[in-house]
Amino acid sequence: MKKSIKIMLTVLALVVVVVVAAGTFTVPENEYACTVRFSKIISTSDRPGLHFKVPFLDSVKYFPKAAMLYDIPPSDVLTSDKQNMTADCYILWRIEEPKKFYQTLGSTTVAEQRLDALTYNALKTVMGTLAQSDIINMEDGGERNEIYEGISSNVDKLADSYGIAVDDVKIKRFDLPESNENAVYSRMISERNQMAEKFTADGNYDAAIIRNDVDKQVNIIVSNAKAEAAKLEAEGEAEYMRMLAEAYDSPEKKDFYEFTIALDALGQSLSGDEKTIILDANSALAKILAGAN
């Protein structure tokens with residue numbers, strides 16, 4: 001009898017443990033917990049800790065609360081000028097309404113497939129308004145940010161019906177299809193060469209203007225300097241003549257001056273190897289030499 005009672009108590013304890021275990025669950029800090037009964041969500045909780053449910057009738061579905069990164073496979077888009085480009089992008093998304101998310105999608109795998117389609121459609125719409133040359137030559141980061149914001153806003157509005165919030169959509173890179181990659185690169189090289197030739201021509205034009213202006217200034221300075229030099233030379237000659245006139249203002253001084261000039265001329269004549277000179281008998285120099293004899 002005692003043995004039967006002990007067995008019954010043991011079985012009862014096991015049943016209680018199983019019922020308690022089946023009737024409780026825990027919610028992690030970074031997850032949502034949805035209580036499901038007969039395939040319908042009856043409650044949702046994001047409060048961490050221990051929670052209760054009806055044993056064996058209710059089940060619990062967990063969904064991540066944190067933002068998730070989904071790297072979308074590269075896809076082809078068509079630009080406004082009917083050129084193909086391959087876009088590689090990613091999306092940051094999170095579950096905002098777990099009940100709606102479970103009812104419409106049910107899992108993150110299905111959600112990523114739906115986000116892939118929504119993002120591709122939004123990307124195709126935006127890229128359809130831009131020419132290939134605008135995309136390739138886009139150097140202003142602000143323009144790219146406007147494109148990203150437009151795509152993110154569009155995808156976020158569409159994903160709201162699934163209980164999803166889209167935080168960001170970024171295009172990692174644009175690739176050119178192999179069929180027209182070489183043609184585009186050749187066009188870009190040609191455009192850069194034209195820009196370089198224009199810059200060179202503009203530089204040569206500006207340099208010619210600067211050189212002409214410098215040559216003009218130099219000619220003006222040299223001309224002014226020559227004029228000033230001629231003026232100073234004329235003033236010096238005038239002063240020299242005035243001083244000569246003052247120094248030889250009498251017949252005696254004049255004769256002496258002529259005598260010194262004649263001696264200078266004679267000295268220059270006899271400076272070479274030839275010591276013979278022919279003079280007019282009436283010249284002042286001949287008279288001086290005759291007087292010396």
Side-chain angles (χ1 to χ4, degrees), residues 27-36 39-41 44-46 59-181 184:
V27 179
E29 291 185 1
N30 60 345
E31 290 185 351
Y32 295 107
C34 298
T35 305
V36 181
S39 301
K40 293 184 178 180
I41 294 179
T44 300
S45 177
D46 61 352
S59 60
V60 180
K61 293 285 186 181
Y62 293 96
F63 299 109
K65 189 189 301 183
M68 292 169 280
L69 172 66
Y70 175 50
D71 193 357
I72 300 176
S75 56
D76 293 335
V77 293
L78 195 65
T79 61
S80 62
D81 51 351
K82 308 303 180 185
Q83 300 294 325
N84 285 325
M85 296 192 73
T86 301
D88 188 5
C89 57
Y90 67 87
I91 181 171
L92 286 174
W93 67 284
R94 55 188 169 82
I95 299 173
E96 193 170 53
E97 299 180 51
K99 183 176 182 179
K100 185 187 292 186
F101 178 82
Y102 175 77
Q103 292 172 343
T104 54
L105 299 175
S107 68
T108 57
T109 302
V110 177
E112 288 179 347
Q113 295 174 356
R114 191 60 53 87
L115 288 171
D116 192 337
L118 294 177
T119 305
Y120 173 71
N121 290 333
L123 182 64
K124 182 173 65 175
T125 300
V126 173
M127 293 300 104
T129 63
L130 300 173
Q132 188 183 71
S133 58
D134 296 333
I135 298 173
I136 294 175
N137 294 327
M138 190 177 294
E139 299 177 353
D140 185 3
E143 295 182 8
R144 287 193 294 270
N145 291 334
E146 290 179 2
I147 293 176
Y148 299 152
E149 291 174 1
I151 297 174
S152 299
S153 177
N154 191 358
V155 177
D156 183 55
K157 291 179 181 178
L158 296 174
D160 182 65
S161 59
Y162 304 110
I164 293 175
V166 175
D167 295 330
D168 196 10
V169 175
K170 282 289 189 296
I171 300 172
K172 294 190 291 185
R173 60 180 296 171
F174 277 113
D175 287 329
L176 299 171
E178 294 182 0
S179 58
N180 64 341
E181 183 174 354
V184 172

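- Considering all non-hydrogen atoms of both residues, L115 and A159 come closest at CD2-CB, 4.2 Å.
- Under the side chain to side chain contact (heavy atoms under 4.5 Å, CB included) criterion, T109 pairs with S107, Q113, sequence neighbours left out.
- Under the side chain to side chain contact (heavy atoms under 4.5 Å, CB included) criterion, L123 pairs with V77, A87, C89, M127, I151, I171, not counting sequence neighbours.
- Atoms CG and CD1, from D71 and I91 in turn, are 11.5 Å apart once rounded to the nearest 0.5 Å.
- The salt bridge (charged side-chain N to carboxylate O under 4.0 Å, His left out) check on D88 picks up K172, with sequence neighbours excluded.
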Would you please test W93 and T119 for side chain to side chain contact (heavy atoms under 4.5 Å, CB included) and show each step? CA-CA 12 Å; W93 67 284; T119 305; over 6 Å; no

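- Residues forming a side chain to side chain contact (heavy atoms under 4.5 Å, CB included) with S153 (at least two apart in sequence, or on another chain): K157.
- Between L105 and I164, some side-chain heavy-atom pair lies under the 4.5 Å cut-off.
- Closest approach of E29 and K65 over heavy atoms only: O-NZ, 3.1 Å.
- A search for side chain to side chain contact (heavy atoms under 4.5 Å, CB included) contacts involving K61 returns C34, V36, F63, Y102, not counting sequence neighbours.
- Sorted by first and then second residue, the pairs that involve residues 93-102 and meet salt bridge (charged side-chain N to carboxylate O under 4.0 Å, His left out), not counting sequence neighbours, are R94-E96, R94-D167, E97-K100.
- Atoms CG and CG, on L69 and L92 in that order, are 5.5 Å from each other to the nearest 0.5 Å.
- Here the side chains of Y120 and I72 are not in contact, with every heavy-atom distance at 4.5 Å or above.
- Screening residues 101-127 for salt bridge (charged side-chain N to carboxylate O under 4.0 Å, His left out), with sequence neighbours left out, gives no hits.
- Between A122 and N154, the shortest heavy-atom contact is CB-ND2, 3.7 Å.
- By the side chain to side chain donor-acceptor pair (under 3.5 Å) test, D168 pairs with K170, sequence neighbours left out.
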